[in-house]
Amino acid sequence: MGTTAETLLAHLPIAIIVIPLAGAVACFVLPRAARALMAVLGIAGTVASGWLAADVLEHGARGYVVGGWAPPLGIALHADGLAAALVALTAVLMTVCGSLARPRRSGDAFFTSWLFAWAALAVVFLSDDAFNVYVGLELLGIASVALVASPGTRPALHAALRYLAAGLTGSLLYLLGAALLYASEGTLSFAGLEDAGGAPAAAALAFMTVGLLLKCAVFPLHGWLPGAHGCAPAPASAVLSGVVVKSGIYLIWRLWSDTLFGVPADAAANLLGALGVGALLWGAAMAWRAERLKIVIAYSTVSQLGYLVMAVPLLRTAGVEALAGVMLLAAAHAFAKAGCFLAAGAVLARRRSDRLETLAGLVSQMPIAAFALGVGTVSLVGLPPSGGFAGKWLLIQASFAVHAWWWAAVFIAGSLLSAAVLIRALAPAFEAAPADCASRAERAGASEWTALAIALGALALGPLAGPWTSLVTEGSIP
Amino acid sequence: MGIDAAALLLDVTLAATVVALGWRCVITADRFETVAVFIGISLVMAIAWTRLEAPDLALAEAALGAGLNGALLLAAWAETRGIEDGPAERRIAGPALLAATTMAVAGAGLAPLVGAEAGLAAEIAARLDQTGVSYPVTAVLVDFRALDTLLELCVLLAALAATWQLGAARPLLRGKLYGPVFVAYVRIALPLLVVLAAALLWRGATSPGGAFQAGATLAAAGVLLLLVNPAGRVPALSWAYRICASLGVLAFLGLGTGVTAVTGRFLDWPLSHAGALVLVAETAATVAIATTLALLVVGGRPVAQRGRVGKRH
Amino acid sequence: MNSIPDVLGALLVFAGTAFAVLGTVGLLRFPDPMSRLHALTKADGTGLGLCVAGLSLIARDVSAAMLMILLWLGVMLSGATAAHLVARRLLARQESAGGN
Amino acid sequence: MTSAGFVIYATAGVALIGAGAFGLARARDALRRIVAINVAALGVLTTMVALAARGGGEADPVTHAMVLTGLVVSASATALALALVRRMAHLRGEEDADGHDG
């Protein structure tokens, strides 16, 4: 038993990339079997990702040298706790949300894009190579655009085109940075870039960071996000908000803490923190003005991404404690947001509209969807016992530990803002149903129950904060 | 000395032409001029790249930038005539500031690199005999960084899948090119292009060339083949297209997994059979690239047409 | 160094360049599309042919010369076909304009 | 290629990046935006080709591989973007036609 399991374990990092890739090609070649393939490979990918996470938790980080050529000549994969945690989160959300997808007609293209996006996320999280990550980001961008465009309506196509233009520009800036790094340091491996320095490295860091901020929609480069996440089918919105935008944030964390470049970058890190505060406020303000439920949820993502960017200066000073907090926040947001989008999708499917005034009577007619939205809100606002609460708590502790109490003040203010925004949006749900609607509760479908289950995941992260934190910080960056 | 001065003059002229065209392209108010000038930039750029010891990249740039994207840009221009988005563009200050900042940061990053040397050319040259090919760029693409190439083939496939879900293909140019002269031309050009593609693929192991150049050439042949058709219809060969377009990813995944059993690493070609395995993978990639690029030019899912072709404008 | 083939080759390349320049002038100066098409295809084909002949003399390498001649033939073939297609389209447009 | 050549072509590359940034920030029309991004992409790739050749003698193969990959990847993305533009124009045409008929 030992040897076979050991061999399999050794190949897990690449298997986690290869499984969805194989699934994507299979869906393309065998369009009729796409749904079945998606289910089978989803389970296989989830098992592999879970196993990797368990192994990293127990035995520490695991590497893999692709093609037998160690860096700098070849490409290595590196699964530390942070990467393994994100890969596992991706696998769960991709599989669960994917099982709910009901693509319009070209299901093969939808599932091909879905699995390509999954594989690309795994590449971005696991790869140790700056250029390999670029190709992964491009694959992720094109696959995500395909998911946004899949309804085929003009607003969806318009949003997809904007998303594609932003993504293309972002990866171009990233590519310029990677080229500068290679030209000055002679390697593309993140591990080999730890003591990169000088003007080329500083310019590279600037280009890559701006490119990634654009790709993950951090204020003020967030313009494409509400349209794209608001127009995509609900399961796609769930993973786009839940994990796809986080791939860019993850790379920013790595660039700013792992490879410090010897740049006197603390001032720049504080600038990133300020952008985070801007995102928090602006996202909340726009969500306050939005009239459609999915747009409210999308702007809430803009707002919540602010926390993850605000953590950059804290990661540099407070280290592991801040990382634990921000990853808990990221995971809780992924579950809560996926649950909210799926619930909104169920509402949209049932009522043909997700305008806020049409939510009236939701609590009595679609109690499960309403409950999912409520549970998601609890975590997004950061009330105990949710993962959102635990994450904010750790971050506040971390900011006090390094005497940066102003960050704590921002986190608390952000919670109040989120509460105001989300409660305003959901308030009509508690009103009585209009007279012309049947007042009987309708039977909840699979999508509503799934939405609730995923949203409850965000609550469960609170009590589970301990193991999650020890996984995330295993062999990790700061 | 005379030769050096002439070369310098040539380089400065080429560079200045490209830059002037680049600015002209984004400043002009005429959308057609934007597209036409962009195609011109791609062609001049290809010449500039041959000056920088990159003939194979120049070939790929001419085929993809001027050829594939040029054709698509012209099609998009023709179909969006008269429905320009948004009002006239008057903003100058903000864009100029953005451009100046970008150029300043890039210049500051590049300046220290003049005369500095960093790279892996020597290490790669020293290990070429362990790769099964003897041209360094091909060795990097199919051996040292084969994972990049696998993902790149996936990007092509993802773009094709995304394009197909947008709707059915419409007839290519509605057969406007069809005629005796064009048919005679295709009869001569098609075999030449196929031979050229095979030569590029084969030469890639030892000298500039390889799967991408061969694939782009073969794609041009494929587009010609699709154009020799009175109605401009794209044959609905769904299965054949799907398999051909996936062939590259399938080969890299299949062979890459297969060799894992022998060498213990994904995509680690066993030395004894490296040459043959790489050739198989590259041939599959060539077919896939050619199919995908040609179908991207078509720009939609090729489906069987019933009765009349498309909607007349 | 300056042997007769070299000098002859240089002269041919120079002449070829002159043709190309003239073709470009024609493209910019001629009044209607048809005559512009003439300037482009005829002058460029001749210019490229002269350049290929001159470079073949200078290179003194049969295989390189053959390759260049093959390229020249390819350019001529494509240029002539493209010119024909453009001209045909122009004629069709003129006819339909005359018909109205 | 000498360092003079590197300076010349890297400058041209940076100038093209600037042109692309200018055009992208200024354009409202989707087609122009796509062209502007491609101009900037050509600038980035030219800078990379110049960087690869700066040592003189044989060019750096890793950079060349990166350029080739970048070229194919950005061409695919551009093809998808143009397919979206064409599809939107087509849908708009259909809607207009429906509007006039009805």
Side-chain angles (χ1 to χ4, degrees), chain B residues 8 11-12 15 18-19 22-23 25-26 31 34 38 41 45 49 52-54 57 60-61 64 68-69 72 76-77 79-80 83-86 89 91 94-96 98-99 102-103 106-107 110 114-115 117 119-121 124 136-137 140-141 145 148 152 155-156 159 162-163 166-167 212 296 299, chain D residues 1 3-12 14-23 25-32 35-36 38-39 42 46-47 49-53 55 58-62 64-65 67-69 71-73 75-80 82-87 89-90 92:
Chain B
L8 195 64
D11 287 334
V12 170
V18 167
V19 172
W23 280 92
C25 176
V26 299
R31 291 170 92 230
T34 300
F38 177 75
I41 300 173
M45 192 59 92
W49 286 7
L52 290 165
E53 324 284 335
L57 302 185
E61 162 58 18
L64 292 177
L68 167 76
N69 282 344
L72 285 173
W77 166 77
E79 287 167 24
T80 55
I83 47 173
E84 233 178 290
D85 312 341
E89 294 138 5
R91 293 172 295 164
L98 179 71
T102 315
M103 290 195 288
L110 284 166
V114 180
E117 274 256 34
L120 299 167
I124 282 170
V137 179
V140 172
L141 284 170
R145 304 181 62 90
D148 282 346
E152 176 188 359
V155 170
L156 272 168
T163 309
L166 296 178
F212 290 100
L296 282 175
Chain D
M1 187 55 43
S3 46
F6 167 60
V7 172
I8 292 170
Y9 285 108
T11 309
V14 171
L16 280 185
I17 296 171
F22 182 81
R26 194 159 164 263
R28 292 183 185 280
D29 171 40
L31 189 67
R32 285 166 170 284
V35 172
N38 272 284
V39 169
L42 267 182
T46 300
T47 310
V49 177
L51 281 169
E58 199 124 303
D60 182 75
V62 176
H64 273 197
V67 172
L68 201 52
T69 307
L71 200 57
V72 174
V73 161
S76 321
T78 305
L80 173 58
L82 291 171
L84 284 168
V85 169
R86 292 171 68 185
R87 181 70 189 160
H90 185 68
R92 190 162 178 161

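Chain identifiers are assigned alphabetically (A, B, ...) following the order of the sequence lines, protein sequences preceding nucleic acid strands; residue numbering begins at 1 within each chain.
- The OG1 atom of B/T34 sits 8.5 Å away from the CG atom of D/D29 when rounded to the nearest 0.5 Å.
- When each of B/A106, B/G299, B/A54 is checked for heavy-atom pairs under 4.5 Å with chain D, B/A54 comes out on top.
- The two residues D/A15 and B/W23 come nearest to each other via the heavy atoms O-NE1, 3.4 Å.
- Rounding to the nearest 0.5 Å gives a distance of 8.0 Å between CG of B/L64 and OG of D/S76.
- If you measure heavy-atom distances from D/L84 to chain B, the contacts under 4.5 Å come from both the backbone and the side chain.
- Pairing each heavy atom of D/A75 with each of B/L68, the nearest pair is CB-CD2, 4.3 Å.
- Rounded to the nearest 0.5 angstrom, B/E79 CD and D/L82 CG are separated by 10.5 Å.
- For D/R92 (side chain) and B/T80 (main-chain N/O), no donor-acceptor pair under 3.5 Å exists by modelled atom type.
- Both the backbone and the side chain of B/L57 come within less than 4.5 Å of a heavy atom of chain D.
- Top candidate by heavy-atom pairs under 4.5 Å with chain B, chosen from D/T11, D/V14, D/V67, is D/V14.
- Only the side chain of B/M45 has a heavy atom closer than 4.5 Å to any heavy atom of chain D.
- Comparing B/A159, B/G119, B/A99, B/P95 by heavy-atom pairs within less than 4.5 Å of chain D, the highest count is held by B/P95.
- Note: D/T69 leads D/T69, D/V62, D/V73 in heavy-atom pairs under 4.5 Å with chain B.
- Counting only heavy atoms from C-beta outward, the side chains of D/F22 and B/L98 never approach each other to under 4.5 Å.
- For B/T163, the side-chain contact (heavy atoms from CB on, under 4.5 Å) partners two or more places apart in sequence, or in a different chain, are B/L296, D/L80, D/A83.
- Under a 3.5 Å cut-off, the side chain of D/R86 and the backbone N or O of B/A76 do not form any donor-acceptor pair.
- Taking 4.5 Å as the limit, some side-chain heavy atom of B/F38 sits within range of a side-chain heavy atom of D/L42.
- Taking CG of B/L110 as the reference point, atom CG of D/L51 lies at 5.5 Å (rounded to 0.5 Å).
- In terms of modelled atom types and a separation under 3.5 Å, the side chain of D/R87 and the main chain of B/L166 share a donor-acceptor contact.
- Across all non-hydrogen atoms, the minimal contact from B/V26 to D/R26 is O-NH1, 3.7 Å.
- Proximity to chain D is limited to the side chain of B/T102, based on heavy atoms less than 4.5 angstrom apart.
- A 4.5 Å side-chain heavy-atom check between B/L156 and D/V72 finds at least one atom pair inside the cut-off.
- Heavy-atom pairs under 4.5 Å with chain B peak, among D/L68, D/I17, D/V39, at D/L68.
- Shown are B/V140, B/L141, B/L120; of these, the side chain to side chain contact (heavy atoms under 4.5 Å, CB included) with D/P61 is made only by B/V140.
- The heavy-atom pair separating B/C25 from D/V35 by the smallest distance is SG-CG1, 3.4 Å.
- Of the atoms belonging to B/L72, heavy atoms from both backbone and side chain fall under 4.5 Å from chain D.
- Side-chain atoms of B/R31 and D/R32, non-hydrogen and from C-beta on, do get closer than 4.5 Å to each other.
- The distance from atom CG of D/L71 to atom CG of B/N69, rounded to the nearest 0.5 Å, is 9.0 Å.
- The greatest number of non-hydrogen atom pairs below 4.5 Å with chain B, out of D/G18, D/A89, D/A79, D/G23, is found for D/G18.
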